[in-house]
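Naming convention: chains lettered A, B, ... in sequence-line order (proteins, then strands); numbering from 1 in each chain.
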2 protein chains.
Amino acid sequence: MPTLTAAQRRQQDKMAFDAYLAECPSRKLLDRISDKWVVLVITALADGPQRFSEISRHLAGVSQKMLTQTLRTLERDGLVARHVTPSVPVRVDYELTPLGRSILGPIRQLKAWAEAHMPEVAEAQETYDRRQEAR
Amino acid sequence: MPTLTAAQRRQQDKMAFDAYLAECPSRKLLDRISDKWVVLVITALADGPQRFSEISRHLAGVSQKMLTQTLRTLERDGLVARHVTPSVPVRVDYELTPLGRSILGPIRQLKAWAEAHMPEVAEAQETYDRRQEAR
DNA sequence: CCGAATCCTATGAGATACTG
DNA sequence: CAGTATCTCATAGGATTCGG
């Protein structure tokens with residue numbers, strides 16, 4: 001018999017995960033989504049379902065190994081759905097699940113931030129490096 | 001002599017960085033900020049300046065090597081400022097720069113997402129794994 | 001207390017070759 | 001086309017030791 005209401009349970013669940021704690025599963029999840037390829041794949045899939053080769057072309061320089069690996073992990077975590085059309089040759093499409101779309105906002109912002117603030121970061125680096133070599 | 005107006009230049013600069021391209025510096029920047037420790041350090045510093053040991057205690061399980069490394073990179077990229085008080089023993093404080101605070105939003109959301117959606121992800125994993133072992 | 005330096009191991013990640 | 005399987009090399013990251 002439950003001693004908590006459903007609302008209390010939900011509140012509890014919310015507080016139950018703290019990425020600051022090493023053993024907390026949310027720390028591992030954070031580690032998995034804090035990944036260059038994850039960010040790029042998710043933002044690429046924002047436009048709609050895409051085939052393996054389309055994604056591959058979209059993300060210049062990704063090896064098929066990393067792409068496969070990233071897509072598998074995302075599928076297992078429930079962020080991406082995989083649809084196989086058993087034709088010859090096979091056709092495989094990937095698309096964001098509702099859960100996957102729920103992370104789209106933060107991830108897009110991260111990518112946008114990196115692209116928008118490159119000049120400032122580059123300048124900061126030059127300043128830092130100049131200071132270092134002056135020792 | 002410039003063939004573009006300042007506004008056009010600004011627009012150009014904005015478009016000039018594309019993380020989808022392998023050689024683009026913004027791809028590397030994205031790679032650096034898409035990091036578990038970066039996310040945790042930045043969110044920890046959101047509360048205000050903190051000493052090395054304070055951050056260390058805040059992020060359970062971080063080795064001092066990773067913390068130092070992360071802080072150095074963030075300092076070089078201009079996201080974090082380092083203040084040394086030459087007492088004995090030395091006191092070192094870290095704080096977010098304005099540039100560092102500008103990324104706080106996206107990063108906080110990422111951490112919050114991981115903590116909030118752990119149950120759904122865990123369930124997705126179980127479903128996935130059950131499907132796999134049924135083969 | 002804050003960190004640099006070193007050593008060591010596990011994982012990351014590309015290149016290549018092969019299959020349904 | 002969409003993978004899987006290996007191989008190889010580089011990097012991540014922990015443990016430990018030492019220094020200002």
Between [X] and [N], is there a contact of a side-chain N or O with OP1 or OP2 at under 4.0 Å?
{"X": "A:Tyr94", "N": "D:dG3", "answer": "yes"}
{"X": "B:Arg72", "N": "C:dA4", "answer": "yes"}
{"X": "B:Arg57", "N": "C:dC1", "answer": "no"}
{"X": "A:Ser63", "N": "C:dA15", "answer": "no"}
{"X": "A:Arg51", "N": "D:dC1", "answer": "no"}

Find the distance [X]:[atom1] to [N]:[atom2] and express it as a whole number of Å.
{"X": "A:Arg82", "N": "D:dT4", "atom1": "CZ", "atom2": "C1'", "answer": "12 Å"}
{"X": "A:Lys65", "N": "C:dG12", "atom1": "NZ", "atom2": "C1'", "answer": "7 Å"}
{"X": "B:His83", "N": "C:dG3", "atom1": "NE2", "atom2": "P", "answer": "13 Å"}
{"X": "B:Glu75", "N": "C:dG3", "atom1": "CD", "atom2": "P", "answer": "9 Å"}
{"X": "B:Asp93", "N": "C:dG3", "atom1": "CG", "atom2": "P", "answer": "10 Å"}
{"X": "B:Asp31", "N": "C:dG14", "atom1": "CG", "atom2": "P", "answer": "10 Å"}
{"X": "A:Met66", "N": "D:dT11", "atom1": "CE", "atom2": "P", "answer": "15 Å"}
{"X": "B:Leu67", "N": "C:dG3", "atom1": "CG", "atom2": "C1'", "answer": "10 Å"}

Base, sugar-phosphate alone, or nothing: which one does B:Val90 contact when heavy atoms must sit under 4.0 Å apart?
-> base
The residue among A:Leu40, A:Val38, A:Val39 that forms side-chain contact (heavy atoms from CB on, under 4.5 Å) with B:Ser34 is A:Val39
Using atom types as modelled and distance alone, determine if a side-chain donor or acceptor of A:Glu75 lies under 3.5 Å from a backbone N or O of A:Arg72.
-> no
Would you kindly check whether a donor in the side chain of A:Gln64 faces an acceptor in the base of D:dT4, or vice versa, at under 3.5 angstrom?
-> yes
Heavy atoms from other residues, nucleotides or ligands near CD of B:Glu54 exceed 12 (cutoff 6.0 Å) = yes
Output the distance between atom CD (A:Gln109) and atom CZ (B:Arg108), rounded to the nearest 0.5 Å.
-> 13.0 Å
Residue whose nearest DNA chain C nucleotide is more 5′ - A:Gln69 or B:Glu54 | B:Glu54
Closest to the A:Ser53 side chain, choosing from D:dC7, C:dC7, D:dA2 | D:dA2
Under 3.5 Å, is there a donor-acceptor pair between the A:Gln125 and B:Asp77 side chains?
-> yes
